2 protein chains.
Amino acid sequence: MKLIIIDDDPIVSSSLKKIIESHSNYTVVAIGTDGADAMPLFIQYLPDVILMDIQMKHQSGLEAASAVLSFQPSAKIILLTTFSDDEYIIEALRIGVKGYLLKQNFQSIIPSLEAVASGQHVYGAEIIHKLPSLSSPTKYSLPAQYESLSEKEKEVLTLVGQGLNNKEIADSLHMSEGSVRNCVSTLLDKLSLKSRTQLAIFFLKHFRK
Amino acid sequence: MKLIIIDDDPIVSSSLKKIIESHSNYTVVAIGTDGADAMPLFIQYLPDVILMDIQMKHQSGLEAASAVLSFQPSAKIILLTTFSDDEYIIEALRIGVKGYLLKQNFQSIIPSLEAVASGQHVYGAEIIHKLPSLSSPTKYSLPAQYESLSEKEKEVLTLVGQGLNNKEIADSLHMSEGSVRNCVSTLLDKLSLKSRTQLAIFFLKHFRK
DNA sequence: TATTTAACGTGACATTTGTCACTTCTTTTC
DNA sequence: GAAAAGAAGTGACAAATGTCACGTTAAATA
């Protein structure tokens, strides 16, 4: 199986090459030193996997990955990063990178390489928890005032968050339209908001799956 | 290395066991048939990895994983799912599961197992894109109608999405309140929505960071 | 038992939002 | 240059939303 390594530090590239070629059935067919090398090397060799540093002088690994993936979305690109406090993870996942690993412990790169080659996605343990969808919508992030809502009020809030109007909410919850209006009014008061639209925004911010 | 398999279908468990023990240096030390088995088996054997079905009769794999992880957060649990349209992925990531794979292609389970054992996280390619922070805010996911909006309309939409009322939008964009109303009306028409609240919901769904 | 408190409802009213027909101005196109 | 298309505005009107004072019921408490 063919592999390309792209890293602006030749020491990293060569130790990676050494480790990979000694432990598995991969051949490093090319080594690049900048993101700009990724596209031409990819087209020339059509490797099974690309291992690429995310921080490089001229063109970043992210840009390079984006270019390659827009050309070939199934390309198996693993980005390597030095720091775990990494804000690029979301963008990397979005463009379709198949792996995102810390450079640190080299020995875990081999199994990750295998997993990516077999079609899975692999991410460093320290990195995956940077995803906002994991941290945001837990009930611990709810404002204190939310606790003061009655069950009915929470139901109404939920339906406002779906975009229903008062009549529709009334029908769904078997209450009168007047009551719904009242209930919405109470919600606005309790949550210190000014309109039903702001209620919906509140709901989505806190409860979006 | 020790492994536990938990699946309510004995056919699945035994074929997994066969594959794993033939291809790698793992020993399946126990097989459970329900989520409720996870905790006692984990405590008894302290396995390196747990492979567990997510859908089981009595207790789900998710609940079981949650129990084990609250006892031992570093436990390496891989959940297996049958369907890729899987809404549990977020909750699974949140509780700290280290892998989430489709049962389908058995052969990719071995490399994934290795990667997880070496400390990485592994997710099936079909699954990772269920994360809302990945799927929502790309411009490719925008409905075709969005392209028909004028610049002004996009600005108004943005402010509706912040919860501003017509007067406030008019002041911000230096236009009359009547124009804003008109603009909102056009937005509703173009996007086939029925109220400003639904506009805000539309905005948040597509543009939330 | 009497009192308080909270959930829920009602109806009148004020305000905000949404619709529609029509105008103005600009750009594009023939 | 005339016609067409579309972005933006105006004003009158209709509909939905939000507010308020007040009523009913039921549970909690003195």
Side-chain angles (χ1 to χ4, degrees), chain A residues 139-208, chain B residues 139-208:
Chain A
K139 70 173 173 182
Y140 303 106
S141 75
L142 281 174
Q145 318 127 43
Y146 182 77
E147 297 310 322
S148 74
L149 303 184
S150 72
E151 286 310 304
K152 183 73 79 180
E153 284 160 355
K154 289 177 186 174
E155 288 172 20
V156 170
L157 174 59
T158 302
L159 296 184
V160 168
Q162 317 299 312
L164 276 61
N165 67 19
N166 291 327
K167 178 72 169 56
E168 291 164 336
I169 293 173
D171 292 347
S172 304
L173 300 182
H174 307 295
M175 52 202 291
S176 77
E177 195 184 326
S179 289
V180 175
R181 278 213 286 269
N182 227 330
C183 190
V184 169
S185 193
T186 311
L187 281 166
L188 293 176
D189 189 41
K190 287 190 180 176
L191 299 174
S192 306
L193 298 174
K194 284 176 3 190
S195 69
R196 133 188 318 254
T197 302
Q198 294 184 355
L199 273 183
I201 294 169
F202 173 92
F203 178 82
L204 292 184
K205 284 202 174 154
H206 293 286
F207 296 101
R208 246 244 306 233
Chain B
K139 70 175 173 183
Y140 302 107
S141 75
L142 281 174
Q145 317 127 41
Y146 182 78
E147 296 311 321
S148 74
L149 303 184
S150 72
E151 286 310 303
K152 183 72 81 180
E153 284 160 354
K154 289 177 186 174
E155 288 173 20
V156 170
L157 174 58
T158 303
L159 295 184
V160 168
Q162 317 299 312
L164 275 61
N165 67 18
N166 291 328
K167 178 71 168 58
E168 289 164 337
I169 294 173
D171 291 347
S172 302
L173 300 181
H174 307 294
M175 51 202 293
S176 77
E177 195 185 325
S179 289
V180 176
R181 279 213 284 269
N182 228 329
C183 190
V184 169
S185 193
T186 311
L187 282 166
L188 293 176
D189 189 41
K190 288 190 180 175
L191 299 174
S192 305
L193 299 174
K194 285 178 358 192
S195 68
R196 131 187 321 253
T197 302
Q198 294 183 355
L199 274 184
I201 293 169
F202 173 93
F203 177 83
L204 291 185
K205 283 200 175 157
H206 294 286
F207 297 100
R208 244 238 312 223

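Naming convention: chains lettered A, B, ... in sequence-line order (proteins, then strands); numbering from 1 in each chain. Only a predicted model underlies this, so the values are computations on that prediction, with no experimental measurement involved.
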Taking atom NZ of A:Lys154 as the centre, does the number of heavy atoms from other residues, nucleotides or ligands within less than 6.0 Å exceed 12?
yes
Nearest whole Å is fine: how far is [N] [atom2] from [X] [atom1]?
X	N	atom1	atom2	answer
B:Gln198	D:dA16	CD	C1'	13 Å
B:Arg181	C:dT15	CZ	P	14 Å
A:Lys167	D:dG18	NZ	P	17 Å
B:Lys194	D:dA14	NZ	P	22 Å

Heavy atoms under 4.0 Å, any strand shown: does [X] hit a base, just sugar-phosphate, or nothing?
X	answer
B:Ser195	sugar-phosphate
B:Lys152	sugar-phosphate
B:Lys154	nothing

Side-chain atoms of A:Ser150 come closest, of D:dT10, C:dG11, C:dC8, to C:dC8
For a quick test of reading the model: is some side-chain N or O of [X] closer than 4.0 Å to OP1 or OP2 of [N]?
X	N	answer
A:Ser179	C:dG9	yes
A:Asn166	D:dT17	yes
B:Ser176	D:dG9	no

Any donor-acceptor N/O pair under 3.5 Å between D:dT10 base and B:Asn182 side chain
yes
How long is the straight-line distance from CZ of B:Arg181 back to CD1 of B:Ile169, given to the nearest 0.5 Å?
11.5 Å
Of B:His174 and A:Arg196, the one whose closest DNA chain D nucleotide lies more 5':
B:His174
Starting from the 5' end of DNA chain C, give me the residue, A:Glu177 or A:Lys190, whose nearest nucleotide shows up first.
A:Lys190
Do the non-hydrogen side-chain atoms of A:Glu168 and A:Asn165 ever get within less than 4.5 Å of each other?
yes
